[in-house]
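In what follows, a single structure is set out as structure tokens and then discussed.
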Amino acid sequence: MSDELYLVDGSAFIYRAFHAVGPLSNRDGLPTNAVFGFASMLRRLLKERQPTYLAVAFDSRGPGFRHELYRAYKANRPAMPDELACQIPYIKELVQALGLVSFEQPGVEADDLIASAVSRLDAAEHPIVIVSGDKDLLQLVNDRVTLWDPMSDKVMDRAAVAAKYQVEPELLLQSFALIGDSSDNVPGVPGVGPKTAGTLIRQYGSLEALYDQVDGLKQSKMKQNLLEHREQAFLSRDLIRLKHDCAVPPTIDGYRLGSSDQERLKGLYADLGFASLLKELDTARPLAGDDFHLVTSEHQLAELASILHQAEVLAIDTETTSLDSRTAGLVGISLCCGLPSCWYIPVGHRDRDGQPLSGQVSLEALRTMLQPVLQSKKLPKIGHNLKYDYTVLACALGVELKGPLIDTMIAAYLTEPARRSLKLDDLCREIDLKLTSYGEVTGGDKRQDAFAYVEPASACHYSCEDVYGTLALWEHLQPRLEEKDMGGLFHEIEMPLMPILAKMEMTGIKVDPARLEALAEEFREKLASLEQQIYQAAGHPFNINSPQQLGTVLFEELGLPHGKKTKTGYSTDGAVLEKLAVGHELPALIIEYRNLAKLLSTYVDKLKHLIHGDTGRVHTSFNQTVTATGRLSSSNPNLQNIPVRGEEGGRIREAFVAEAGKVFLFADYSQIDLRVLAHYSQDTALLKAFRQGEDIHTRTAAEIFGVSPLLITPEMRRVAKSINFGIVYGMSSFGLSNQLQISRAEAKKFIDRYFQLYAGVQRFMQEIVEQARRDGYVSTLLNRRRYLPEIKAADKVRREFAERAAINTPIQGTAADIIKLAMLRVNELLRDRDSQCRMLLQIHDELVFEVDESFCAAIKGDIRTCMEQALSLDVPLVVNMGEGRSLAK
DNA sequence: TGCGCCTCGTAC
DNA sequence: GACGTACGAGGCGCAT
């Protein structure tokens with residue numbers, strides 16, 4: 001950061017930019033070359049000089065005091081062309097958006113404003129750089145004031161002025177008065193150029209002194225010119241003399257750079273079509289990194305440890321050999337217990353041949369020295385995606401991170417779950433921190449363990465930046481969480497949940513590879529046979545997996561009636577095929593083929609590859625920052641969508657088996673969504689149904705069909721069940737008619753009847769949409785938020801989508817809150833009973849445990865109680881339990 | 001070859 | 001266009 005004040009001659013640069021940059025215009029045909037040139041100049045200035053103080057001065061429009069002195073002043077200048085004039089407002093907008101101080105005053109030029117600023121601040125002896133190419137401003141140069149022309153990158157200081165004009169800058173005005181300035185139509189004295197003027201002024205010191213003694217000059221053409229143009233010389237001096245008494249900020253603080261308005265800049269650049277500048281907006285200020293320390297010895301590590309013992313907070317980032325935290329090797333760890341000091345401890349860096357580098361710390365020393373700090377229950381630990389580091393430290397170092405845990409990724413997610421990126425560098429960019437990218441530090445090395453080959457010094461810089469950014473981010477996010485009253489949700493639920501999820505992931509679930517293999521073989525055989533039958537029925541081979549080709553076969557070649565269409569062609573989804581199956585053999589074959597192909601590729605084959613060699617278990621990731629509603633998600637593999645319906649689905653579940661001597665214990669909430677709906681809506685009928693422990697679908701059927709629950713047929717119950725589900729999702733009569741294959745009129749009758757009986761539900765739906773419109777967001781019982789900006793969209797499709805989300809999110813999200821609470825409670829219950837009972841999976845409304853056969857009966861009731869008592873609603877929460885040796889139950 | 005989007009299908 | 005939340009496979013078009 002430079003301490004100098006930069007005074008930019010804005011008007012001069014506008015002209016120079018206009019002429020220097022070739023023709024350029026935006027999509028609307030607006031000329032943009034001057035704005036672009038101006039923006040580029042400022043960009044370079046800001047980037048290269050990183051000024052703390054900067055102001056831009058502009059000429060005033062219309063004639064000024066110099067015109068009053070001399071009508072011909074600048075008379076030789078053509079008027080500003082329209083193509084330039086129309087760009088001026090954009091340049092001023094740019095300067096404002098950049099957060100720069102700017103001045104403009106009636107009747108005076110930019111030079112005068114700069115001179116006034118110099119005069120004011122020169123007294124304070126503040127160093128000043130005038131940014132201009134205009135020689136008139138050289139008058140202002142002195143020991144602390146220089147002139148810099150960024151175009152030519154020339155700096156004019158006192159010495160340079162003296163060399164060029166043979167006089168000190170203080171005398172330049174006198175000299176210039178004689179020389180004149182043809183570009184401004186300032187006359188001067190004919191025949192007098194820089195050399196002559198320099199000589200004269202050096203000798204006499206001023207115009208007055210010169211003319212006092214002009215008689216003494218020997219007779220010459222020059223003397224004659226001086227005498228003849230005496231008035232002109234004095235007038236020229238008045239024209240060139242800069243005004244020093246304009247109103248400008250009196251102290252340096254008035255010139256301090258404000259913060260730029262990124263949104264405004266984005267809008268401006270977008271309007272002007274400045275793609276390159278737009279792109280660059282994303283590159284914020286890089287970190288200086290002068291307080292980043294590489295720990296190269298155990299002695300230094302000991303010193304660091306003693307500092308950390310005093311710490312009140314600790315940000316952590318681990319660098320590893322793999323994205324898989326369970327198996328990753330530790331390469332280094334960076335720590336920060338308060339900005340800006342950060343440390344990097346290298347432990348696993350290797351040379352090109354894979355040999356360990358010297359100047360590192362051993363894993364053992366790291367563990368010994370840091371364990372007390374890492375396991376301190378008092379010291380808060382901050383990380384970005386801390387579950388990753390938690391797992392690495394547990395698996396690679398054998399240390400369980402303790403203390404209040406703080407994950408900035410989760411914090412950012414809670415404040416705005418719909419964010420498109422939760423990556424550390426993207427979030428840091430929003431607080432104006434530019435972090436080095438992983439690709440930059442590894443030099444594009446694509447190996448999984450590329451980081452191990454990074455020089456410790458570069459690794460130190462990179463890793464310290466991350467940990468610095470993480471702490472800075474937390475300082476930014478913490479108040480935002482509090483503002484939204486989400487501190488409780490964050491500290492009491494999400495963060496304590498994180499290590500529970502980490503342990504579930506580390507534990508994994510056993511999968512029997514032999515069963516999978518047998519299944520794979522069977523499926524492959526069936527698929528091969530189906531494939532032949534399909535080709536036969538179609539008349540020729542084609543790619544069955546391509547909906548496009550399938551559409552051609554079904555609807556063009558075979559001429560079957562096509563139903564709905566997708567954006568890209570005919571729909572061939574299950575519902576369509578189902579209808580076609582009555583009239584032709586092919587659709588039925590496709591349905592069966594699709595079913596098996598899906599199971600084989602997504603589950604059987606995929607799972608086989610994910611079984612971990614030494615444990616025979618698969619380890620999913622439970623993602624805590626993905627969904628819009630607060631649910632968890634599961635990936636690699638997704639264990640939340642293992643098939644459960646259908647015969648083959650059950651066969652896949654059979655491949656998930658409990659360890660010898662153990663059984664799976666299943667605990668799932670009964671109708672949690674509808675119970676939450678009852679609580680939210682306070683609907684009398686719904687509350688009553690749940691309080692009396694009735695079968696809700698049968699009850700609903702009885703209501704809408706107007707018969708005794710005893711007379712409800714399975715078909716009637718199915719209809720009621722569809723409605724109950726549909727309600728939670730904001731389904732329309734169209735959707736219901738589709739779902740049940742009934743007419744829209746019939747579907748509408750059912751829905752109307754439903755709302756008659758459950759009027760409170762309808763009121764809730766209206767109110768929650770209203771609330772979303774008013775607040776811009778909806779909340780769950782535990783204060784989780786989802787913003788729904790599109791609830792005000794003019795586009796009906798978008799708006800209605802947001803309305804359905806407004807209805808569904810409090811329900812789905814509250815159910816997610818409840819099961820998270822339950823997981824915390826159950827975790828307490830099972831504390832220190834790891835060997836007897838471990839939580840393995842969460843599937844939205846269900847928890848799966850692996851329990852000692854002998855312990856199952858004893859713990860079952862307690863788990864049920866934990867879950868049922870997780871949160872007190874106005875209806876009871878009911879949990880169904882089951883046991884089995886496999887997930888097939 | 002790699003990426004993003006589309007369609008489809010699985011779960012709750 | 002029409003039912004909310006996810007993950008992921010395979011196809012396909014496009015940029016590299």
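Every chain is numbered from 1, with letters handed out A, B, ... down the list of sequences. Worth saying up front: this structure is predicted, and the values here are computed from it rather than measured.
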Exercise for the section: Taking ring pair (Phe, Tyr, Trp, His ring centres under 6.0 Å) as the test, write out the residues that go with A/Phe555, two or more places apart. Expected result: A/Tyr570

Exercise for the section: Ignoring hydrogens and angles, tell me if any N or O in the side chain of A/Gln682 forms a donor-acceptor pair with the backbone of A/His679 under 3.5 Å. Expected result: yes

Completion exercise
side-chain contact (heavy atoms from CB on, under 4.5 Å) filter on A/Ser571, not counting sequence neighbours, yields A/Lys564, A/Thr566, A/Asp573, A/Val576

Practice task
Identify which one of A/Arg631, A/Glu846, A/Gln842 satisfies the side chain to side chain donor-acceptor pair (under 3.5 Å) criterion when paired with A/Gln640.
Solution key: A/Gln842

Practice task
Starting from C1' on C/dT5, measure out to OH on A/Tyr413 and report it in whole angstrom.
Solution key: 10 Å

Exercise for the section: Would you mind classifying the nucleic acid contact of A/Ser571 as base, sugar-phosphate or nothing, using non-hydrogen atoms under 4.0 angstrom? Expected result: sugar-phosphate

Problem - Contacts of type side-chain contact (heavy atoms from CB on, under 4.5 Å), residue A/Ser670, not counting sequence neighbours - result: A/Arg675, A/Val878, A/Asn880

Practice task
Looking at every strand, decide which applies to A/Gly730 at a 4.0 Å heavy-atom threshold: base, sugar-phosphate, or nothing.
Solution key: sugar-phosphate

Practice task
For A/Arg744, answer base if it contacts any base atom (sugar-phosphate contacts may also be present), sugar-phosphate if it contacts only those atoms, and nothing otherwise; contact means non-hydrogen atoms under 4.0 Å.
Solution key: base

Completion exercise
Applied to residues 737-770 of chain A, the ring-ring contact (aromatic ring centres under 6.0 Å, His included) test, sequence neighbours excluded, yields A/Tyr680-A/Phe764, A/Phe705-A/Phe750, A/Tyr754-A/Tyr758

Practice task
Go through the structure and list residues passing salt bridge (Lys or Arg N to Asp or Glu O under 4.0 Å) with A/Arg447, not counting sequence neighbours.
Solution key: A/Asp445

Practice task
Establish, from distance only, whether the side-chain atoms of A/Ser886 and A/Glu654 form a donor-acceptor pair under 3.5 Å.
Solution key: no

Practice task
Could you tell me whether the side chains of A/Glu525 and A/Ser529 share a donor-acceptor contact shorter than 3.5 Å?
Solution key: no

Exercise for the section: Determine the contact category for A/Gly649: base if any of its heavy atoms lies under 4.0 Å from a base atom, sugar-phosphate if only primed atoms, P, OP1 or OP2 are that close, otherwise nothing. Expected result: nothing

Exercise for the section: Would you mind reading off the distance between A/Arg798 atom CZ and C/dA2 atom P, rounded to a whole angstrom? Expected result: 13 Å

Problem - Distance-only donor-acceptor check, side chains A/Arg785 and A/Ser779, under 3.5 Å - result: no

Completion exercise
So, with a heavy-atom separation below 4.0 Å from DNA chain B, the residues of residues 586-604 of chain A are A/Arg594, A/Asn595, A/Lys598, A/Tyr603

Let me check something: any side-chain donor-acceptor pairs from residues 792-812 of chain A under 3.5 Å, sequence neighbours excluded? List them with distances.
unit_1: A/Lys792; atom_1: NZ; unit_2: A/Arg773; atom_2: O; d: 3.4
unit_1: A/Asp795; atom_1: OD1; unit_2: A/Val797; atom_2: N; d: 3.0
unit_1: A/Arg798; atom_1: NH1; unit_2: A/Glu790; atom_2: OE2; d: 2.6
unit_1: A/Arg799; atom_1: NH1; unit_2: A/Ala793; atom_2: O; d: 3.1
unit_1: A/Arg799; atom_1: NH1; unit_2: A/Ala794; atom_2: O; d: 3.2
unit_1: A/Asn808; atom_1: OD1; unit_2: A/Gln812; atom_2: NE2; d: 3.3
unit_1: A/Asn808; atom_1: ND2; unit_2: A/Val728; atom_2: O; d: 3.1
unit_1: A/Thr809; atom_1: OG1; unit_2: A/Arg786; atom_2: NH1; d: 2.9
unit_1: A/Thr809; atom_1: OG1; unit_2: A/Ala805; atom_2: O; d: 2.7
unit_1: A/Gln812; atom_1: OE1; unit_2: A/Thr629; atom_2: OG1; d: 2.7

Handout entry: N/O donor-acceptor pair under 3.5 Å between A/Ser421 side chain and A/Lys423 backbone
Key = yes

Handout entry: A/Lys510 with A/Glu850: basic N within carboxylate O range, under 4.0 Å
Key = no

Exercise for the section: Assign a letter to each nucleotide of nucleotides 11-16 of chain C from its 5' end: B, base within under 4.0 Å of a protein heavy atom; S, sugar-phosphate only; -, no contact. Expected result: SS----

Problem - Residues touching DNA chain C, which here means a heavy atom under 4.0 Å, drawn from residues 626-641 of chain A - result: A/Val626, A/Thr627, A/Ala628, A/Thr629, A/Arg631, A/Ser633, A/Ser634, A/Ser635, A/Asn636, A/Asn638, A/Asn641

Practice task
For nucleotides B/dC6 and C/dG1, find the distance between their P atoms and express it as a whole number of Å.
Solution key: 14 Å

Exercise for the section: Write down the distance between CE (A/Met731) and C1' (C/dA2), rounded to a whole number of angstrom. Expected result: 10 Å

Exercise for the section: Round to a whole Å and report the spacing from CZ of A/Phe764 to C1' of C/dG4. Expected result: 12 Å

Exercise for the section: Using heavy atoms and a sub-4.0 Å distance, could you list which residues of residues 800-811 of chain A are near DNA chain B? By number, please. Expected result: none

Exercise for the section: Could you pull out all residues at least two apart from A/Tyr777 that satisfy ring pair (Phe, Tyr, Trp, His ring centres under 6.0 Å)? Expected result: A/Tyr787

Exercise for the section: For A/Asp817 and C/dT5, give me the distance from atom CG to atom C1', rounded to whole Å. Expected result: 14 Å

Problem - Distance in angstrom units between A/Ile727 CD1 and C/dG4 P, rounded - result: 13 Å

Handout entry: Contact interval (first through last nucleotide) of DNA chain B with protein chain A, 4.0 Å heavy-atom
Key = B/dC6 to B/dC12

Problem - Main-chain N/O of A/Leu639 paired to A/Ser634 side chain as donor or acceptor, under 3.5 Å - result: yes

